[in-house]
Amino acid sequence: MTDVYAATDRTTATRNRDRMHYERDKAHAILDEAFDCSVGFVVDGEPRVLPTLHVRVGDTLYLHGSTGGRMALAARGDGIPVCVSVTLLDGLVYGRSQFHHSANYRSVVALGVARPVTDPAEKAEAMHALVEKTGAGRTAESRPPTKQEMAQTSVLALPLVEVSVRARSGGVADDEADLGLAHWAGVLPIRRVAGPPETAPGVPVPPPAYLPGNPATDWQTPVRLEGRHVRLEPLSPAHAPAMFEALDDEEVWRHIPMPRARTVEDIAADIAEVIRGQWRGDRSGWAQVDPVTGTVMGMTTFHDVDPSRRSVGIGHTMLGRKWWRSGVNTEAKLLLLERAFDVLGAAKVFWYTDIRNERSQRAIARLGASRDGVIRRQRLRSDGSWRDTVVFAMTADEWPAAAQRLRDRLAAG
């Protein structure tokens, strides 16, 4: 097998031949990056073009469909001649002249006869590869198809033999006579961005990390943190009912800059927003859980996560009133500070709190954080009034001494 596909009359361009490529690695990279393709074929003398999902396994392209669809019906027996096209649009090119408007793109065209996959083992392998393409590990976290579902699913196999790549990159190609025109020209980059995921009703777990496009690093990925008084579990929809019960107290919500959750659905929406923040890259959330009984006691988060500046905030912390003035809050903060400074290598951890919330300010100060100042009218309260926000911070240099004091306090009960 050579490193290039052989050019044929059908894969040789009649113009702009400099954009044509036949390297296998380029073609495979485009096919693997794209999730969907367009398949052209002829039925009863008329052309058809259908969108479908595809997956490449070696030098075979598998096309997904329904056994009752036109393409599968037409392919019964010896298969069906097809033209498969995949395009990734990378940018719009704006010329000074309308004639020189263009696009940056990478595309693959594959021609040949697509045969029905009838061997059960090959079909199962193709379906496994297609599911894994949606996220490495997905087949282990989803139900496999039944015999009836497999019978209703069509898989066509197209050998990758007659294949070409066409691509454009770079900037504007205006005529020299147009370069003095006072019209904007340039490239508008375009990229496909996934997320944040929208969890289906009733699903008790957060979106898995393997979903394509997940931007989260260790900074935005909550991990289980174990303490003697509290266990911090990555926040998930399953925590909503017990968390609502723990936090159903007006005093808990007094200084939270959002309306009090009145139903389990409200607290579930709050949890969902934290999880969306993890996907955006600016948050990371935990449920505070009793390590002995498993009772959910509250929640806490990292916010304004900034790995480039090695900075993170601790906030959106709510703890049921029955656990106030216990070791829970102190140990939860110690666990979060240990993760921030000792694991993630943070240079600074900070807190925002309402200037009216003197209890919170005293608690943050007891952690060893310094009061850095006040941001006036920093955000609106749930009642519509403007909140002045007090900023506390702790630096990496201050952390070792603060850590020892916190551990001594917990040891002393």
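For the numbers below, each heavy atom of this structure counts, side chains included, while hydrogens, waters and symmetry mates do not.
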Contacts of E198 that satisfy side-chain hydrogen bond (donor to acceptor under 3.5 Å, both in side chains) - sequence neighbours left out = none
request  = Answer yes or no: are there more than 12 heavy-atom neighbours, outside E149 itself, under 6.0 Å from its atom CD?
outcome  = yes
inquiry  = I'd like to check the side-chain contact (heavy atoms from CB on, under 4.5 Å) partners of R224; sequence neighbours left out, ordered by chain and number.
reply    = E226, R231, E233, P234
Pair E265-F244, side chain to side chain contact (heavy atoms under 4.5 Å, CB included): steps then yes or no = CA-CA 9 Å; E265 289 71 26; F244 173 74; over 6 Å; no
message = Between H54 and L31 (side chain of the first, backbone of the second, donor and acceptor by atom type, cut-off under 3.5 Å), is there such a pair?
response = yes
task = Using a cut-off of 6.0 Å, state whether more than 12 heavy atoms not belonging to Q148 lie near its atom CD.
result = no
task = Taking all non-hydrogen atoms of both residues into account, name the closest pair between I256 and T317 and its distance.
result = CD1-O, 4.2 Å
remark   = What one should report as the nearest heavy-atom pair of A72 and S154 is CB-OG, 3.3 Å
task = Please check if the side chain of S236 supplies one atom and the backbone of P206 the other of a donor-acceptor pair under 3.5 Å.
result = no
key: Non-hydrogen atoms of T217 and P307 that approach each other most closely   = OG1-CG, 4.4 Å
query = Counting only N and O atoms by type, is there a donor-acceptor contact under 3.5 Å from the side chain of T134 to the main-chain atoms of V131?
reply = yes
remark   = The salt bridge (Lys or Arg N to Asp or Glu O under 4.0 Å) partners of D25 (sequence neighbours excluded) come to none
D408 and Q404: side chain donor to acceptor below 3.5 Å = yes
key: ring pair (Phe, Tyr, Trp, His ring centres under 6.0 Å) partners for W399, two or more places apart   = F341
Salt bridge (charged side-chain N to carboxylate O under 4.0 Å, His left out) partners of residues 349-372, not counting sequence neighbours, each pair once = D354-R381
request  = To the nearest 0.5 Å, tell me how far L63 CG sits from T52 OG1.
outcome  = 6.5 Å
task = Answer yes or no: is there a side-chain heavy-atom contact under 4.5 Å between H128 and E125?
result = no
ask   = Checking D306 side chain against R309 main chain: does a donor-acceptor pair fall under 3.5 Å?
value = yes
key: E33 and its salt bridge (charged side-chain N to carboxylate O under 4.0 Å, His left out) partner, picked from R106, K133, K26   = R106
ask   = Taking the side chain from W253 and the backbone from A261, do they hold a donor-acceptor pair closer than 3.5 Å?
value = no
query = What residues, two or more places apart in sequence or in another chain, satisfy ring pair (Phe, Tyr, Trp, His ring centres under 6.0 Å) together with Y94?
reply = H101, W184
ask   = Would L50 and F41 satisfy side chain to side chain contact (heavy atoms under 4.5 Å, CB included), going step by step from the backbone distance to the final call?
value = CA-CA 9 Å; L50 296 179; F41 55 99; 3.6 Å; yes
ask   = Is the backbone N or O of S38 less than 3.5 Å from a side-chain atom of S85, with the two atoms forming a donor-acceptor pair by type?
value = no
key: Residues in side-chain hydrogen bond (donor to acceptor under 3.5 Å, both in side chains) contact with D249, at least two apart in sequence or another chain   = R321
Salt bridge (charged side-chain N to carboxylate O under 4.0 Å, His left out), paired with D248, selected from R260, R262, K322 = R260
inquiry  = Looking at every heavy atom in both A194 and G213, which two are closest together, and how far apart are they?
reply    = CB-CA, 4.2 Å
query = side-chain hydrogen bond (donor to acceptor under 3.5 Å, both in side chains) with Q98: which residues, sequence neighbours excluded?
reply = none
request  = Could you tell me whether the side chain of D174 and the main chain of R96 form a donor-acceptor pair under 3.5 Å?
outcome  = yes
ask   = So, does E23 use its side chain to make a donor-acceptor pair with the main chain of V4 at under 3.5 Å?
value = no
key: Rounded distance (nearest 0.5 Å) linking atom OG1 of T153 with atom CE of M127   = 5.0 Å
Which side-chain N or O atoms in residues 109-119 pair as donor and acceptor under 3.5 Å with protein atoms at least two apart or in another chain?
unit_1: R115; atom_1: NH2; unit_2: E122; atom_2: OE2; d: 2.8
unit_1: D119; atom_1: OD2; unit_2: A121; atom_2: N; d: 3.4
unit_1: D119; atom_1: OD2; unit_2: E122; atom_2: N; d: 2.9

Trace of the side chain to side chain donor-acceptor pair (under 3.5 Å) decision for T395 with D397 = CA-CA 5 Å; T395 67; D397 294 336; 4.8 Å; no
key: Closest non-hydrogen atom pair, V172 against G186   = CG2-N, 3.5 Å
Salt bridge flag under 4.0 Å for residues E132 and R56 = no
ask   = Taking everything shown except R166 itself, do over 12 heavy atoms lie less than 6.0 Å from its CZ?
value = yes
inquiry  = Does R407, at its CZ atom, have more than 12 non-hydrogen atoms belonging to other residues, nucleotides or ligands within less than 6.0 Å?
reply    = yes
key: NZ (K348) with more than 12 external heavy atoms under 6.0 Å   = no
query = Which pairs, with at least one residue in residues 259-315 and sequence neighbours excluded, count as a ring pair (Phe, Tyr, Trp, His ring centres under 6.0 Å)?
reply = W286-F302, H303-F350, H303-Y352
request  = Take atom CZ of F35 as the centre, draw a 6.0 Å sphere, and report whether it contains more than 12 heavy atoms from other residues, nucleotides or ligands.
outcome  = yes
ask   = Do the non-hydrogen side-chain atoms of L334 and E338 ever get within less than 4.5 Å of each other?
value = yes
request  = Using only heavy-atom distances, determine whether the side chains of H316 and D270 contain a donor-acceptor pair under 3.5 Å.
outcome  = yes
task = Please check if the side chain of W323 supplies one atom and the backbone of N329 the other of a donor-acceptor pair under 3.5 Å.
result = no
ask   = If you round to the nearest 0.5 Å, how far is CZ of R24 from OH of Y5?
value = 4.5 Å
query = Which heavy atom of G58 sits nearest a heavy atom of L160, and at what distance?
reply = O-CD1, 4.5 Å
inquiry  = I'd like to check H239 versus I267 (side-chain heavy atoms, cut-off strictly below 4.5 Å). Are they in contact?
reply    = no
inquiry  = Could you work out, with salt bridge (Lys or Arg N to Asp or Glu O under 4.0 Å) as the rule, every residue matching R192, not counting sequence neighbours?
reply    = D36
query = Any side-chain heavy atom of D218 sitting closer than 4.5 Å to one from R339?
reply = yes
query = Any chance the side chains of T8 and R10 put a donor and an acceptor closer than 3.5 Å?
reply = no
ask   = Who pairs with R168 by salt bridge (Lys or Arg N to Asp or Glu O under 4.0 Å), at least two apart in sequence or on another chain?
value = none
query = Does a side-chain N-to-carboxylate-O contact under 4.0 Å join E331 and R228?
reply = no
task = Let me see the working for I355 and R387 under side chain to side chain contact (heavy atoms under 4.5 Å, CB included), right down to the final yes or no.
result = CA-CA 7 Å; I355 198 168; R387 183 182 100 167; 5.8 Å; no
Side-chain donor/acceptor of K333 to backbone N/O of I314, under 3.5 Å = no
ask   = Hey, mind stepping through L88 and Y105 against side chain to side chain contact (heavy atoms under 4.5 Å, CB included) and telling me if it holds?
value = CA-CA 6 Å; L88 300 172; Y105 62 93; over 6 Å; no
